[in-house]
Structure formats: structure tokens, C-alpha cells
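From a predicted model like this one, the values you see are computed outputs, not experimental measurements. Every number for a ligand or one of its atoms is a count from 1 in the order of the listing.
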Amino acid sequence: MKLWSGRFTGKSDQLTEDFNASIAVDSRMYRQDIRGSMAHARMLAKQGIISIEEKDLIIRGLEEILDEIEAGKLEFTVEAEDVHMNVETFLTQKIGDVGKKLHTARSRNDQVALDVRLYLRDEMKEIRVLILTMQQVLLDLAREHLDTIMPGYTHLQKAQPLNLAHHLMAYFEMLRRDFDRLDDCQKRMDYMPLGSGALAGTGFNLDRDYVKEELGFSHLTRNSLDAVSDRDFALEFCSFASIIMMHLSRFSEELILWTSEEFSFMEMDDAFSTGSSIMPQKKNPDLAELVRGKTGRVYGDLITLLTIMKSLPLAYNKDMQEDKEALFDAVDTVKKCLLVFAPMLQTARFNKVKMAAAARGGFTNATDLADYLAGKGLPFRDAHAVVGKAVLYCIERGKSLEELTLDEYRGFSPLIDADIFSCLDVKACVERRKVPGGPAPEKVEQALEESAQWLRRMQND
Ligand code: ARG
């Protein structure tokens with residue numbers, strides 16, 4: 001029998017039951033649902049709303065239910081609709097009528113607002129660790145590649161030489177912001193909603209602060225109507241998830257390019273590559289491609305949630321039950337992608353020779369030639385024009401800037417001396433860029449040191 005069937009005379013159509021039920025999706029919150037119910041029951045007893053004996057019976061019942069669910073001994077039913085009513089049904093089956101007292105001064109509306117928060121808090125802890133693990137991989141790799149020269153690109157055209165360490169640390173920075181965003185989202189989620197009831201609170205004398213402390217929240221929600229209607233925290237999580245996926249998709253795209261024969265900057269380990277069913281020679285970067293593709297799912301999850309919440313009148317509406325599928329998908333996808341990305345990256349081999357050779361082509365040192373002239377007093381705009389001419393001259397003759405003779409250079413500008421050749425060396429070009437945040441190895445080393453300290457702080461947090 002339905003827990004809400006009192007007002008009904010007719011039976012639910014099976015179609016209604018199936019359509020209305022969310023247990024297939026929300027059953028994964030059973031631990032959080034039970035944790036929340038235990039805190040609620042303790043508070044009810046503390047306030048004299050139920051007796052100590054009743055509370056003990058309820059707590060013991062819930063503990064057993066938790067064990068039995070984990071052991072696979074209890075089966076959720078569609079008839080009981082969602083995780084909240086499934087657990088309550090198990091409880092009443094187990095301890096009898098006392099189980100029916102658990103829902104005193106509570107609604108599924110504040111209950112689900114609590115459960116999703118507790119669930120997301122648990123998942124966010126795991127995601128934090130996954131982000132830090134990936135950052136550790138980046139940091140370790142960067143340490144190895146301080147002198148691995150590579151071309152930097154804009155418009156996917158060779159721009160200026162860099163080292164791989166600096167390039168990898170760019171992703172470290174992105175993940176650091178993602179990590180901050182997650183923390184920030186956690187801050188606004190850290191409000192305990194129980195006591196809000198269906199929408200209008202309750203006349204029972206609850207101790208909300210007690211429940212807050214029991215469940216490890218920092219604050220109480222301040223408005224019962226808002227508390228049961230708010231899914232901002234889920235939206236913020238999906239925004240975080242979308243942004244980190246966007247970062248991973250950019251990295252994936254680069255890895256896909258870099259593993260192509262045309263670039264040949266790196267090779268994935270066999271353990272993190274796949275073959276083709278028809279072309280025997282193939283080694284494909286499928287994992288990176290999948291991460292890139294899954295970014296689309298997570299954007300979809302964010303848009304799903306935003307669209308579900310759009311224009312909903314206060315307070316709870318059943319539309320909101322649809323939030324979980326999108327939210328859980330975002331959680332699962334981000335976790336899976338981070339989990340596979342870290343070892344995929346860690347085991348990849350970089351081809352230093354190819355990278356350095358690529359850095360030497362494409363006139364990546366042209367800016368340095370212009371800077372050289374500007375350093376000798378030529379206005380930068382004029383220097384830019386002179387170098388443009390020199391580059392054109394080289395292109396016509398199939399030469400690089402380093403291959404011009406001093407006489408040829410003198411033809412472009414009398415300011416050029418023999419020291420131009422050491423100036424044009426791509427390694428020197430990188431080493432010269434000593435501005436804070438620049439790619440000079442000594443600056444990257446400083447960045448590595450600062451990043452390592454930050455990482456250690458977060459890992460110990
Ligand atoms: N399964 C529901 C959800 O996830 C729980 C809240 C239902 N409340 C209600 N009044 N129907 O949204």
C-alpha cells in the first residue's frame with residue numbers, strides 16, 4: 001500500500017507507478033538517506049517528540065537496513081516510489097508501527113534537499129582527491145620536462161618556443177581553479193535544510209541546530225520555502241563539472257594532435273590506447289577522444305538542470321525529481337574521466353627530439369629577432385616590419401632565420417651583429433622569458449615549487 005494512499009479510493013495505474021517512481025535513479029542515495037533519518041530521529045527524541053525507546057528502535061532498524069542493503073539482501077521496489085519511501089517501508093516492515101513515527105515533522109521535500117546535499121558532499125570529497133592526483137601527475141611530468149623544448153601555438157600555427165613543463169603547468173593552473181570552484185560550490189551547499197518541511201516549516205519544536213551539527217553542516221537554511229526549492233548547489237556542481245570537462249577536452253584535443261604522426265610529439269602507452277578492427281597498423285587515442293566526447297554529456301547535464309529549474313513556481317514541483325539523473329551523470333562522468341586521464345598521462349612518452357625539431361621550424365624565434373632590434377633602439381613596430389621582410393626572404397629561399405649570414409642580416413638592418421645567432425637559438429629564446437609566470441626554466445621551477453607547496457597543503461587538508 002502507498003504511504004500516501006489515505007486520501008485515495010482508487011488504485012494507481014501501473015503506468016503511473018512506473019512513470020512516477022524515481023527509485024531506479026535515486027536508490028544510490030540510500031546511505032545519505034539513512035544518515036539523515038538517524039539524525040532526525042535522534043533530534044525527535046531529544047526534543048521529546050518521540051521516546052528514547054522509539055528512537056533506539058528506529059536507529060537500530062536503520063542500521064540493520066543499511067547493512068542489509070549493502071549485503072544485497074533488500075530489494076528496492078517501484079511501488080515504494082523513491083529511496084526515501086523505500087527506506088521507510090523497510091523500517092516499518094522491520095520494527096512495526098514505531099517506524100511510522102520517523103517521518104514526524106519532515107517532508108520528502110526537505111528530506112530530498114538534504115539527501116542530495118549529503119550525497120554530493122561525499123562525491124565532492126572523492127572528486128577533490130581525483131583532481132589532486134591528476135595535478136600530482138602533471139607536476140611530476142613537468143619536473144622531468146623543464147628542458148624539453150616545444151613549439152607554442154596560437155591559431156594552431158607555430159608561435160614561440162616553450163618548454164613542455166610550462167605547457168603542462170598551464171593545465172595544472174586550470175585544475176587549480178576547478179578545485180577552487182568545487183570548494184566554492186561546497187560553501188554554498190553547506191546549509192542544512194531539514195525542518196523546512198514540505199515548504200512551510202513545522203509547528204513541532206525541532207532543534208535544527210542539533211541536526212546541523214550531527215550531519216556536519218556549517219549553517220541552517222534561512223527560508224523554508226527557498227530551502228525546498230533550491231537546486232543552485234546542483235547547478236553550481238554541474239557548472240564546475242562543465243568547466244573541468246572543458247579543460248579536459250582541450251587537453252584531450254592536444255594529446256590527440258600530439259599522438260598523430262604529423263606531430264609525433266608523444267606516444268600513449270599500449271595500456272591506454274586501442275586498436276582498429278580492420279586496420280592492423282592503428283594505435284588510437286580513444287580514451288582522450290572519449291573524454292573530449294563526454295564533455296558534451298556534461299554540458300547536457302548542466303543544460304538539463306537549468307531547463308528543469310527554469311520558471312518553476314515555488315516551492316517543490318515534481319519536475320525537480322528529474323534533477324538527479326543529470327546530476328549523477330555529471331558526477332559519474334567527471335570521476336571516470338579524471339580516473340583514466342591521470343594514468344594515461346603518466347604513462348605517455350614524449351618525443352623530445354621531435355618536439356625540439358618542431359620548435360626550431362616555423363620561425364618561432366621571429367619575435368626574438370624583433371625584440372633584439374627593439375633592444376638596440378629600433379621602435380618595436382619598425383623592428384616588426386624588418387623581421388617580416390627577413391622572414392619573407394627566408395621563405396622564398398627555403399631557409400630558417402638562423403641560416404642567414406651576417407651579411408644578409410646587415411642588408412635588413414645595420415643594427416644586427418654577430419651575437420644575433422646565439423640570440424636566435426630556441427633554447428635561448430625560452431630562457432630569456434624570465435617574467436613572472438613566464439616559461440624560462442628558472443621561472444617554471446619557481447612555479448613548480450609554489451604549486452608543489454599548494455598541492456601538499458590541499459592533500460593534507
Ligand atoms: N523523489 C522525490 C524527488 O526526488 C522526492 C520528493 C517528493 N516529494 C513529493 N512531494 N512528491 O524529488
Test item: Asn86 side-chain N/O and Phe76 main-chain N/O as donor-acceptor pair under 3.5 Å: no
Check: Arg208 side chain, Thr221 main-chain N or O, donor-acceptor pair, under 3.5 Å: yes
Asn20, Asn109, Asp115: member with heavy atom nearest to atom 8 (N) of ligand 1: Asn109
Output field: ring centroids His145/Phe350 closer than 6.0 Å: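 Centroid distance His145-Phe350: below 6.0 Å, so yes.
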With heavy atoms of [X] as the reference, note each atom of ligand 1 found under 4.0 Å away.
X: His84; result: 5 (C)
X: Asp82; result: 1 (N), 2 (C), 5 (C)
X: Ser22; result: 1 (N)
X: Val112; result: 4 (O)
X: Lys324; result: 3 (C), 4 (O), 12 (O)

Atom 11 (N) of ligand 1 [closest protein heavy-atom partner, distance rounded to 0.1 Å]: Arg108 NH2, 3.5 Å
Residue, atom name and distance, where the atom is the protein heavy atom closest to atom 2 (C) of ligand 1: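 Answer for atom 2 (C) of ligand 1: Gln321 OE1, 3.2 Å.
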In plain terms, say whether [X] and [Y] are close enough for a salt bridge, that is, a side-chain N and a carboxylate O under 4.0 Å apart.
X: Asp207; Y: Arg42; value: no
X: Arg143; Y: Asp140; value: yes
X: Arg60; Y: Asp56; value: no

contact_flag Gln111 ligand 1 heavy-atom lt 4.0 Å: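 Flag not set, Gln111 not near ligand 1.
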Heavy-atom gap Glu81 to ligand 1 smaller than 4.0 Å: no
From CA spacing to verdict: salt bridge (charged side-chain N to carboxylate O under 4.0 Å, His left out), Arg128, Asp183: CA-CA 9 Å; Arg128 273 174 74 103; Asp183 264 2; 2.6 Å; yes
Separation between CZ of Phe217 and CG of Leu118, rounded to the nearest 0.5 Å: 4.5 Å
Tyr316, any N or O under 3.5 Å of ligand 1 N or O: yes
